[in-house]
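Comments concern the structure below.
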Amino acid sequence: MEAAMGLMRRIHPKQSETALSALLSLLPHHSSDLLSQVDQPLQVLCDVDCGKEFILCEYNRDADSYRSPWSNKYHPPLEDAPYPSSELRKLEIEANEVFAIYRDQYYEGGISSVYLWEDDDSEGFVACFLIKKDGSKTGQGRRGYLQEGAWDAIHVIEVGPEDEGTAHYCLTSTVMLSLTTNDESSGTFSLSGSIRRQMNMDLAIADGHLCNMGRMIEEMEGKLRNSLDQVYFGKTKEMVCTLRPPAEVVMRLPNS
Amino acid sequence: MAEEEYPDVELSDKQKKEIAKWFLLNSPAGEIQYVAKDLRSVLNDERIYNEAAQEAFPLYNKSHIICLEFPDRSGDVLITSYNELDKNEYLDPRTAQVATVNHVKQVCTEVRPAADEELPSPYIEDFRCTLDAEILKYVGEAYPKGICSVYCVNGKDVEGPGSNFELVVVISAVKNSPKNFCNGSWRSVWNIEFKDDMQMLAIRGKIQVDAHYFEEGNVQLDAKNECRDETMFQESYSNLPDTTFKDLRRKLPVTRTLFPWHNTLQFSLTRDIQKELGIGK
């Protein structure tokens, strides 16, 4: 299994879907581990009841159906499927609404979804915040720089039970990024990859869970964005410059 | 979340071999041995792995233009499709030697002098050698650790003016820092066609750069450029500043302040007002 994860770290992120299905067919007994540990770009379905899109992930899936955070219904319909408690569902509805505004402020477009469910082990709950943005010039990239651009963010927060007015929050965030530019003079330039970080905090619940979780996610996304900037552009640029420093060199063909 | 059951579909040997080949061929520059190690563990079948390796390694080595040292360390040979004499034999025209290699182990096992018929004619060699000298100088200046070679891929037996021939310049630079979780490779291939008794020179170039950074994640760059003459490749990076990222995610909202999470009530009111007035999405 460790070897399988090793392979996933080396294969080009653009080919991760192919790599994952290859691994699933070679190691069928590890399928649930592989699916939960390997990040794949987020898929989307349209909620037929309200015409809004929602993001698919393991946390709103049961069998082959996915629960919409807008209508709380499974697509395609499913009997005996799990739902969050009514209290949790209230929080989920509010989380989706507020997160949609947050998403619009930072992403100027895109799709978001939030899913909550009870944690069987503790008395707390788990929340999953997802964002999908297509920044390509044919998508929602306002400035038109990118021929292809995708940002997929998955934030999973485990919220512990309330203890003397505070709760413990454990956030695991993954951002998957892919961008391609293409122009006459510079050719095709393609960067893609993913980064994962964790953050743990104990916060007073006076402001509410949503507020606490929101602030953690905002801080984390900011850090990840900067990190990606440094890593994506920084490290890979460093590598290119190490291979061939950008000096002005004139190549002259021999006169013969 | 119910447990998903995956049917125990047994893959055929051929399918397993194809999957193994795919992983090997798609390894990042300089990492095929690491991928091979993980792959053997996952595959758990030495026979199939060996078959896949025999087929995949030569293709990978040629496409990545790997560089192998002569057994006596007197020089090195690049592995490309341009200087391949036989599936395990590669010509180094600069030293007029032929290297025998083991693709899977990625080593050069022996070296022998090249036979006359394996080398270009003296007329062609004159061009090749002069170009080679200039390229060596250039690569020495422009690349901290670049290896280059010039091969004749067409018309190597041309005896004198009047016929067309083609030379290929290959430049390969590799930086492997597995301890820093970073690897990269630069490959330039320039095809130069000499036409019509040197009245015309057609130059085509293809540059491919790959970089892989895998600490706390997996980030890969691949950039290709096909061109007609030298190009300042580094410009691509300066054209991709913050603004490109902005299309994906802004640093801050337009308000230039962090999102007011505690003021959700304010937002509900704003939304209601928007609905009433019919503004908004």
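Letters go in sequence order (proteins before strands), and every chain restarts at 1.
Looking at A:K14 and A:S190, their side chains do bring a donor and an acceptor atom within 3.5 Å of each other.
Within 6.0 Å of the CD atom in A:Q40, the count of heavy atoms belonging to other residues, nucleotides or ligands exceeds 12. Residue A:Q198 places its CD atom among more than 12 non-hydrogen atoms of other residues, nucleotides or ligands, all under 6.0 Å distant. By the 6.0 Å contact criterion, NZ on B:K17 is enclosed, its count of non-hydrogen atoms from other residues, nucleotides or ligands being greater than 12.
The contact between A:T18 and chain B is made by backbone and side chain atoms together, counting heavy-atom distances below 4.5 Å. There is no contact between B:K145 and chain A, counting heavy-atom distances below 4.5 Å. At a 4.5 Å heavy-atom cutoff, the contact between A:N226 and chain B is made by side-chain atoms alone. Using a 4.5 Å cut-off between heavy atoms, A:A150 touches chain B through its backbone atoms (N, CA, C, O) alone. Residue B:I171 does not touch chain A at all, counting heavy-atom pairs closer than 4.5 Å. Only the side chain of A:L27 comes within contact range of chain B, with heavy atoms under 4.5 Å apart. Looking at B:I19, only its side chain comes within 4.5 Å of chain A, counting heavy atoms on both sides. With a 4.5 angstrom heavy-atom cutoff, B:V139 does not touch chain A via any of its atoms. Heavy atoms closer than 4.5 Å to chain A are found in the backbone of B:S185, but not in its side chain. Contacts of B:Y143 with chain A are made by both backbone and side-chain atoms, with heavy-atom separations under 4.5 Å. Looking at A:M5, there are no atoms closer than 4.5 Å to chain B (heavy atoms on both sides), in backbone or side chain.
Of the listed residues B:S27, B:P144, B:A173, the one with more heavy-atom pairs under 4.5 angstrom with chain A than any other is B:P144. Most heavy-atom pairs under 4.5 Å with chain A, from the set B:E31, B:E18, B:K37: that is B:E31. By number of non-hydrogen pairs under 4.5 angstrom with chain B, the leading residue of A:H30, A:R196, A:H12 is A:H12. The choice from B:D210, B:D126, B:N183, B:N180 that makes the most heavy-atom pairs within less than 4.5 Å of chain A is B:N183. Per-residue counts of heavy-atom pairs under 4.5 Å with chain A were compared for B:L39, B:L258, B:L43; the largest is that of B:L258.
Between A:W117 and A:Y59, the two ring planes are parallel [angle under 30°; tilted spans 30° to 60°]. Using bins of under 30°, 30° to 60° and over 60° for the plane-to-plane angle, the ring pair A:F99/A:Y102 lands in the parallel bin.
Under the 4.5 Å side-chain criterion, counting only non-hydrogen atoms from C-beta, B:L131 is in contact with B:I192.
Ionic pairing of A:E218 and A:R215 is not present here: no N-O contact between side-chain nitrogen and carboxylate oxygen is shorter than 4.0 angstrom. For A:K223 and A:E219, the salt-bridge test passes: some basic side-chain N is under 4.0 Å from an acidic carboxylate O.
For the pair A:R103 (side chain) and A:G110 (backbone), a donor-acceptor distance under 3.5 Å is present.
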